[in-house]
2 protein chains.
Amino acid sequence: MDSKDRQIIRTLQAHGRMTNQDLAERVSLSPSPCLRRLRLLEESGAIRGYSAEVDAKAYGLPITVFVRVRLERHNEEDVKRFESRVMDIDEVLECHVLTGASDYQLLVAVADLDAYEDFIRNRIHRIGGIASIDTSFVYGTVKKTSVFPML
Amino acid sequence: MDSKDRQIIRTLQAHGRMTNQDLAERVSLSPSPCLRRLRLLEESGAIRGYSAEVDAKAYGLPITVFVRVRLERHNEEDVKRFESRVMDIDEVLECHVLTGASDYQLLVAVADLDAYEDFIRNRIHRIGGIASIDTSFVYGTVKKTSVFPML
DNA sequence: TAATCCTTTGGCATTATCTGCCAAGGATAC
DNA sequence: GTATCCTTGGCAGATAATGCCAAAGGATTA
């Protein structure tokens, strides 16, 4: 992972469908070595994949919520159950384990408030062992980039 | 935005560099109408762009932090200054406006704890007008998908 | 300093893909 | 029933991907 690799990565974070020719030009390489570097980054797992960035509202999911969850008990069984159940819920886009007052932070996308209530009552609480849930609705987004800072 | 469009979107959220031929096959269209739908989704803004999903650790940013910030005052001037300064900080990947106890939640990626301390002291506090900062380090990630649920 | 090795690069040719154009099919309204 | 509109599918020229091989650049060792 040298500076050229990071340049390739940042370029593809900003323009994920750029052709290899354009990418090569942007990072000042010819197409062949550029493509070889790209394949190595993909095979090594540094680049996990590619994704379209979609307007959630246009898709039909106007409500985005950060949900912080604390469990009652932290034995292996309860933790495993919570995590495996959460992974299967399609509305949960992200679930991170955090330091601090909460155990987990979920990123959830839903169509309306009824769907959110349904999500909390019938998906999350049904898992059991939940000590507390803290909901923060996203009112607006000041910044959202997928491009890492230069090093 | 019909069911076919959403199918195209979900497919490209999972495999952003898939060729139009493969995409067409996956959604049961021939390449021509598939490409036309795709271009319309892009031009309408439903698809904002494409991005490589990169392993932050492999890139050299092993520490991910959610930072919740509350401002002392909420007059237009202070709010505008905070938001415009935050947009210019490369380490800040996301900044959302939240309901609840905090005003903002930032997603920050840094190389080490020193860089995080420097970020808080010299980037965030220097903005001025900060009432409180609450830091939650990401210990692990149970789930992270860019694919929206079916509707 | 020179020789050697190893890594990375660039060009070429083949194969695959993109994409604009036009005709055909299917649904809808009158 | 028919006219109209929207969407689809196929074709062809242009563009891009990718495997192979020779050459250049950089580091290490003698």
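Nothing here was measured: the structure is a model prediction, and the numbers come from that model. Each chain gets a letter, A, B and so on, in the order the sequences are listed, and its residues count up from 1. All values below were derived from every heavy atom in this structure, side-chain atoms included, with hydrogens, water molecules and symmetry-related copies excluded.
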Tell me, do Y104(A) and I130(A) make a side-chain contact under 4.5 Å, heavy atoms counted? no
Starting at CG of D2(A) and ending at P of dT7(C), how long is that distance when rounded to a whole Å? 15 Å
Nearest heavy-atom contact between E83(A) and V97(A) is OE2-CG2, 4.4 Å
Heavy atoms of P31(A) and Q21(A) approach each other most closely as CG-CG, 4.4 Å
What are the two closest non-hydrogen atoms of L38(B) and R17(A), and how far apart are they? CD2-NH2, 4.3 Å
At under 4.0 Å between heavy atoms, how does the protein contact nucleotides 8-21 of chain C? Give one character per nucleotide, 5' to 3', with B, S or -. SBBBB----SSBB-
Side chains of D134(B) and F66(B): does their closest heavy-atom pair fall under 4.5 Å? no
